[in-house]
Amino acid sequence: FWQHFNDEMRARFNEVAYNAWFKNTKPISYNKNTHELKILVQNPVAKGYWEKNLSSQLIQSAYGYAGIEILPVFQITENNESPERIVTPEPKHDIQLQQEKRAPRQFTKNLKLNEKYTFDNFVQGEGNKLAAGAALAVADSPGSFYNPLFIFGGVGLGKTHLMQAIGHQMLAERPNAKVVYIQSETFVNDFINSIKNKTQDQFREKYRTCDLLLVDDIQFFAKKEGIQEEFFHTFETLYNDQKQIVMTSDRLPTEISDLSERLVSRFTWGLQVEITPPDLETRIAILRRKAEAEGLVIDDNTLDYIASQVDTNIRELEGALVKVQAYATIEKADINTNLAREALVDLKLVQKNRGLQISKIQEVVANYFQTSTAELKGKKRVRQIVVPRQIAMYLSRELTDASLPKIGQEFGGKDHTTVMHAYDKIDKQIKTDTEIKSAVFDLKQMLEH
Ligand code: ADP
Ligand code: MG
C-alpha cells in the first residue's frame, strides 16, 4: 500500500514538493498490536508536514486500500548517517510514549480521538444538520434518547468527525468517562487476538464496561458471524446499562450483507440518520473555516472557485485546499483564483473520470469478453468469468475513486478483500501475461472517453 500511496501522491504533487515530502521517506516497522507504523522522514520540516497534512491521508489510504489500520509515527533520519540510526527529537516525550505502551493498555482515555474532530470544528449545513443535531442530543444526554445512534452516508462526509465529537463532548463534561472509539476492524482484530491469547475476559472488560462506545464503519461486520455474535452481547450489556452506543456505516443496517437479524433490529431501536453531500454554500463555509484555522488569506471568489471544483467529498475538499496552499508556497505567490486553477488542474482529470460509473465499466468489460454483467456480479468461479470479473474490478479501482468496499458492493456485495485481491492479481498479471495486458489496454482506451 506504501507504493500505492506514493503513486497517488506523486500524481498529486509537483516534482519539487514530491521530492521534498516523499524522497527518503519510508516505513521501517509496523507493530500489529499497537498499529504503530514507524516512518523515517528526512528532516524536521518534513516531519511537521507529514504530521499535519499527510498522516490522515496515509491512514485513510492504508485502511481503504489494504484494509489495515495504522498509527503513523514519524522519525527523523540523521543526516549523513545510515538510515538505521535515528535521532529522537523529543526524547522525554518518547520515553513517556514507550512507557505507556508497556503498561497494560488503558482504554479510559481518549487515546485515539482526533483532537480536531470536535463540534466546534464541525460546520453545519444541508446534508449534515440532522446528523449533527442528533449527535449533539446524544452528547447532551447519552444513553437516553437516541440509543443507538446510527450515522450513515458516503465517504468523507464527516461521519467519523461527528462521532468523535460526541466523544470529546462527553470527556469535556466528565473527564473520567470511559470512551472507547474503534474502527470496526479493530474490534474484529481484538476479538481474534483475544481468542488466540486466551484473553477474552480482558476483551469483554474493554468493550462492555465503557460509558460510550463509538464503532466506526460497522459495515465491515458484514458476513462475520462470530464477530456479530460477540458484538451482539457487547451491545446488550451496554444497552441494558443505559450506556450510549454510536455507530457509523456507509449504508443502512438492512443493506449490510448478512448482518444478523437481531443486530439489524437492534440498530433500528434508536435513530438512524443520514449524512448527504454538502451543497456549495456549506462547502464554502467549510473551506473558509479551514483556511482561517491555517491562517490563510483567501478571497471569497477563490474560495468559491475551490469549493466548486470538489463537489462531494469533504476530505477531498480539504485536500484541494492543501494543494493550493502547497502550490502557493512553492511558487512564492499569493493565493488567488488563477493560482488555484493552476494548482487544481489534475483534479479536473480525476473529476472527469469520476463521471465514469462502475456499471459502465462492467458493461464494457462484459461486452468485450462476451459475457454478461450479471455473471460479473455473480459468484461463478470458472476462468472465463473470473478473469473478466477481476479485470472489471481492477479497472473500477484504477479509473474511478470508489473505495474498495464500494466496488465490492457494486459487484454483487463482495467483500473489499476480494476486490483488493483481484486488483493485486491483475496488477501483477499485466506485467507477465501479454493477453491480459492488451485486454486491459484496450478496455482502458474504450473507457477513457
Ligand atoms: P467519513 O468518516 O464520513 O468518511 P470524516 O469524518 O473522516 O468522513 O471527514 C472527512 C474530513 O472532512 C475530516 O477531516 C473532517 O474533519 C472533515 N469534515 C467533514 N465534515 C465536516 C464539516 N461539516 N465541517 C468541517 N469539517 C468537516
Ligand atoms: Mg470515517
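Atoms within each ligand, like the ligands themselves, are counted from 1 in listed order. Since we're looking at a predicted model, the values are computed, not measured.
- Listed by atom number, the atoms of ligand 1 under 4.0 Å from N121 heavy atoms are 24 (N), 25 (C).
- Environment of NZ in K360: sparse, with no more than 12 heavy atoms of neighbouring residues, nucleotides or ligands closer than 6.0 Å.
- The local environment of CG in D299 is crowded, with over 12 non-hydrogen atoms from other residues, nucleotides or ligands closer than 6.0 Å.
- Those atoms of ligand 1 that come under 4.0 Å of a heavy atom in N128, given as number and element, are 23 (N).
- Contact annotation: T160 places an N, O or S atom under 2.8 Å from the Mg ion (ligand 2).
- With no hydrogens or angles considered, a side-chain donor-acceptor pair links T302 and T337 at under 3.5 Å.
- Close contacts of ligand 1 with V155, meaning ligand atoms under 4.0 Å from a residue heavy atom, involve 4 (O).
- Using a non-hydrogen distance threshold of 4.0 Å, K290 registers as a contact of ligand 1.
- The N/O atoms of L157, backbone and side chain alike, include one that comes under 3.5 Å of an N/O atom in ligand 1.
- Nearest protein neighbour of atom 6 (O) of ligand 1, counting heavy atoms only, is H161 N, 2.8 Å.
- A centroid separation of 6.0 Å or more is found between the aromatic rings of F235 and Y207.
- Backbone and side-chain nitrogen or oxygen atoms of R315 are examined, and one is located within less than 3.5 angstrom of a nitrogen or oxygen of ligand 1.
- Below 3.5 Å of separation, one finds an N or O of G156 facing an N or O of ligand 1.
- Looking at atom 13 (C) of ligand 1, its nearest protein heavy atom turns out to be Y117 OH, 3.6 Å.
- Residue-to-ligand polar distances keep I314 apart from ligand 1: every N/O pair is separated by 3.5 Å or more.
- At least one heavy atom of G154 sits under 4.0 Å from some atom of ligand 1.
- Residue contacts with ligand 1 for K116 are absent, since no atom lies close enough (heavy atoms, distance under 4.0 Å).
- In this structure, F187 has its ring center at least 6.0 angstrom away from the ring center of F220.
- Closest to atom 8 (O) of ligand 1 among all protein heavy atoms lies G158 N, 3.0 Å.
- Geometrically, R341 engages Y305 in a cation-pi contact defined by less than 6.0 Å to the ring centre and at most 45° from the axis.
- From the protein, the heavy atom lying nearest to atom 17 (C) of ligand 1 is E318 OE2, 3.2 Å.
- Using bins of under 30°, 30° to 60° and over 60° for the plane-to-plane angle, the ring pair H4/Y423 lands in the perpendicular bin.
- At least one N/O-N/O distance between V123 and ligand 1 falls below 3.5 Å.
- Seen from the ring of F411, R389 does not count as a face-on cation partner, given the 6.0 Å and 45° thresholds.
- Set against the non-hydrogen atoms of I286, the atoms of ligand 1 under 4.0 Å away are 22 (C), 23 (N), 24 (N).
- If you look at T160 next to ligand 1, the close heavy atoms, those under 4.0 Å, come from the backbone and the side chain alike.
- Heavy-atom contacts from other residues, nucleotides or ligands closer than 6.0 Å to CZ of F145 number 12 or fewer.
- The six-membered or imidazole ring of F22 lies near that of W50, with a centre-to-centre distance under 6.0 Å.
- Open room surrounds CD on Q242; 12 or fewer heavy atoms of other groups in view lie less than 6.0 Å from it.
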